[in-house]
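Each chain gets a letter, A, B and so on, in the order its sequence line appears, and its residues count up from 1. Hydrogens, waters and symmetry mates play no part in the numbers below; they use all other heavy atoms, side chains included.
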Number of protein chains: 2
Amino acid sequence: MTTLKDIAKELGLSPATVSRALNGFPEVGARTRATVEEAAERMGYRPNPLAKKLVSGRSGMIGLVLKPDGSSQADPTLHEIMFGLSDQLAQRDMDLVFHASSSDDLLEPYKRLLDKNILDGFILNAPEEDDPRIRFLQERDVPFVVHGRAAGHDYAYYDIDNRGLARDSVDLLLNLGHRRIALLNGQAGRSYAQDREAGYRDAMGRAGLTVPEFAVQYGPANEDHGYTKGLALLSGRFGPRPTAIFCVSTPVAAGLYRAAQDIGLSIPGDLSVIAHDDAVPQMRAVNFEPALTVTRSPLRDACKPLAAKMEALLKGAPADILQTLAPVDLIARNSTGPVPTEGETPW
Amino acid sequence: MTTLKDIAKELGLSPATVSRALNGFPEVGARTRATVEEAAERMGYRPNPLAKKLVSGRSGMIGLVLKPDGSSQADPTLHEIMFGLSDQLAQRDMDLVFHASSSDDLLEPYKRLLDKNILDGFILNAPEEDDPRIRFLQERDVPFVVHGRAAGHDYAYYDIDNRGLARDSVDLLLNLGHRRIALLNGQAGRSYAQDREAGYRDAMGRAGLTVPEFAVQYGPANEDHGYTKGLALLSGRFGPRPTAIFCVSTPVAAGLYRAAQDIGLSIPGDLSVIAHDDAVPQMRAVNFEPALTVTRSPLRDACKPLAAKMEALLKGAPADILQTLAPVDLIARNSTGPVPTEGETPW
DNA sequence: TTCAAAATTCAAAACGTTTTAAATTCTGCG
DNA sequence: CGCAGAATTTAAAACGTTTTGAATTTTGAA
């Protein structure tokens, strides 16, 4: 293993000069720099990041803490984020330190990792309203970037326009004449679920429609939830059944498709379905039968900005300029159609 | 941030003594040790692992490199391993550095991470026959533990008895009178697939049965593979169809169930099915209809020994005593039954 | 040629720990 | 009391880098 000193000795220079030459400082002579670079290359020099961090305070390691989410199925979402993030961080010469926390105490893993004193920052996902992790990291002055965003956000984040996409989705359904539009939402505390609900209520309100309590159903964004809550909604148990349903994710829509089939309703004849599509590879909206109308924003797309923001943050950029709210495309396919004639009366 | 020096100064001791006191060296006086421990506690001292590693060569960071496995669905297997491993490593005060390699060059991510000089070792999964990663890490003298094992293994590993479980599975089918037994195997190169095939052939050979080439089908261990290859096998296209099939995983069995249903075969009336069950939460063998007979070894069970072996390895234990081959239980349920009368003739 | 200023380079300290070798303080025995 | 040996503690070096402040060399103008 060649060190800075080795190169210095080899060239009869001081370690200081070699360090500066390799780090592009302006005060080092052109000839010297060339010599040093050549020698470094030739001797296969790799800086030791530990030593670097010891003096500079940077290790290039970024933490990601996830909850096992015991109940539900293996979340393809996490898979997508982890692989994408690792890839994008690597391209910026950072690495992902992954931690699965089974602990009840949300903050415990963060404390543990921070104690080790080896991480430069954290990526957080799925924030909740007034998330304790965010407060904690802010107090300790640890750099972090959030995927998603909760209210009162004075930190770096990347989020999609959840409120807007919900509005757009509902507007599309309204334009098709639907009035009884339900929302199969994600888990109640999550900010993305709240934002989408707000957008849904915006659109419904603007159309002068009231939203009965049962029209919004919460739960984990998976197929089971779509099936059971879909069944409940379509059974007529709550009153006249919705003619259109906006789903928080494609797996939820898949469950809803099954429920509709079991009940004998045709899509889009009896029921229009629209969903938000995270574009995970194993659940492709085009392969639905009929093909699913969606608002689409690939989870993968989030990884690059997240990594870039982290990089900028570590370089000293202020968090408040590192905020992105990405717009979302609406792709109309075959799961949405005009309201059936007998279903035009609002709730 | 309190350092060793701070404590030393506070107590009027030298950093050396403080270091020794906290690390349990025998030569430090009882009273001194008590004082030091008290002060460390009181001042909230956390050793800086970077400085530690700089001198000791240990960081407590363990690398795990995974391929995105683009084609297939989000592998619940990986999910299970990552969460379990992270948890078990954390219990031993180690951390998981995760890297998703999209690169064609298998070794590139290992090189990159090694260059950073920050990892203590690697966990490898799904080794192949004569795996280049293993050769590479051995050459460089990097500690590693393998989940699974390839031939000629002179390294630390944890594996289940793939050959034995395959033999047991086939024996069970043989005892029920089956003769035309097929194997829906995993991907050809993988050592676990090879071992299971060997066990299958052992049992078939001992029963004096020949195995036609089409009776062993390779592919990714997912539902699609089970469905398409199952359909092919059951269609009769290759000759008389098998009366029993041994599946390499429960998702494969799920695909096979669908294929059998589509073709109109009943399980276990017309077809017996047995599978190996990794016990991932989202595909429970008991919930199959009929409940699936399996050999069972939860993937989670692998994580603890893997972490423990890594810990031992780093403490200097020789790799060749850190080898475990775990036996596997066979659980008979309702997907296996006696051979149908018209299917008793061997291939 | 001389000298100040600019451009380079250097030696040493620092980061927080462990470890080596040496120094100091105890202990108990004669 | 004196001293060998044990027990304890210390100072200093080391790990590989960056950074500070000082020293050296080069440059250009007088």
TODO: Let me know the distance between CG of A/Leu4 and C1' of C/dC10, rounded to the nearest Å.
DONE: 14 Å
- [ ] Determine the contact category for B/Lys53: base if any of its heavy atoms lies under 4.0 Å from a base atom, sugar-phosphate if only primed atoms, P, OP1 or OP2 are that close, otherwise nothing.
- [x] nothing
TODO: Look at B/Arg42 together with B/Glu10 and state whether they make a salt bridge at an N to O cut-off of under 4.0 Å.
DONE: yes
TODO: Verify whether one side chain among A/Thr35 and A/Thr32 offers a donor that lies under 3.5 Å from an acceptor in the other.
DONE: no
Open item on the list: Any donor-acceptor pair under 3.5 Å linking the side-chain atoms of B/Ser59 with those of B/Lys52?
Closed with: no
Task: Nearest-neighbour nucleotide for the B/Ala51 side chain, C/dT17, D/dT10, D/dT19 considered - done: C/dT17
Open item on the list: Using modelled atom types and a 3.5 Å cut-off, is there a donor and acceptor pairing between side-chain atoms of A/Ser191 and backbone atoms of A/Glu129?
Closed with: no
Open item on the list: Classify A/Thr3 by what it touches in the nucleic acid, base, sugar-phosphate, or nothing, heavy-atom distance under 4.0 Å.
Closed with: sugar-phosphate
- [ ] Write down the distance between CD1 (A/Ile118) and C1' (C/dG16), rounded to a whole number of angstrom.
- [x] 13 Å
- [ ] Taking only the side-chain heavy atoms of A/Val55 (C-beta and beyond), determine which of D/dT18, C/dC10, D/dT19 contains the nearest atom.
- [x] D/dT18
Open item on the list: Given C/dT9, D/dT17, C/dT18, identify the nucleotide with an atom nearest to the side chain of B/Asn23.
Closed with: C/dT18
Open item on the list: Please pick, from D/dT10, D/dT18, D/dT8, the nucleotide with the shortest atom-to-atom distance to any side-chain atom of A/Lys52.
Closed with: D/dT18
TODO: Mind calculating the distance between CZ (B/Arg20) and C1' (C/dT18) to the nearest angstrom?
DONE: 9 Å
Open item on the list: Quick check for you: among D/dT9, C/dT17, D/dG16, whose closest atom lies nearest to any side-chain atom of B/Tyr45?
Closed with: C/dT17
Task: d(NZ, A/Lys9; C1', C/dA11) in whole Å - done: 16 Å
- [ ] Assign B/Arg46 to base, sugar-phosphate, or nothing according to its heavy-atom contacts below 4.0 angstrom with the strands shown.
- [x] sugar-phosphate
Task: For atom CD of A/Glu27 and atom C1' of D/dT20, their distance in whole Å - done: 12 Å
Open item on the list: Given C/dT17, D/dT10, C/dG16, identify the nucleotide with an atom nearest to the side chain of B/Pro47.
Closed with: C/dT17
Open item on the list: Please confirm whether the shortest side-chain N or O distance from B/Ser14 to OP1 or OP2 of D/dA11 is below 4.0 Å.
Closed with: no
Task: Modelled atom types, side-chain donor and acceptor of A/Gln138 and A/Asp154, under 3.5 Å - done: yes
- [ ] Measure from CZ on B/Phe25 to C1' on D/dT10 and round the result to the nearest Å.
- [x] 15 Å
- [ ] Report the distance from atom CG of B/Leu54 to atom P of C/dA14, rounded to the nearest whole Å.
- [x] 17 Å
Task: A/Phe144-A/Phe136 aromatic ring centre distance below 6.0 Å - done: no
- [ ] Please report, rounded to the nearest Å, how far the C1' atom of C/dA12 is from the CG atom of A/Leu13.
- [x] 17 Å
- [ ] Identify which nucleotide among D/dG16, D/dT18, C/dC10 has an atom closest to any side-chain atom of A/Ser19, counting heavy atoms from C-beta outward.
- [x] D/dT18
Task: Minimum-distance nucleotide (side-chain atoms of A/Ala16 versus D/dC15, C/dC15, C/dC10) - done: C/dC10
- [ ] Both distances under 3.5 Å, Watson-Crick or G-U wobble: report the partner of D/dT20, or none.
- [x] C/dA11
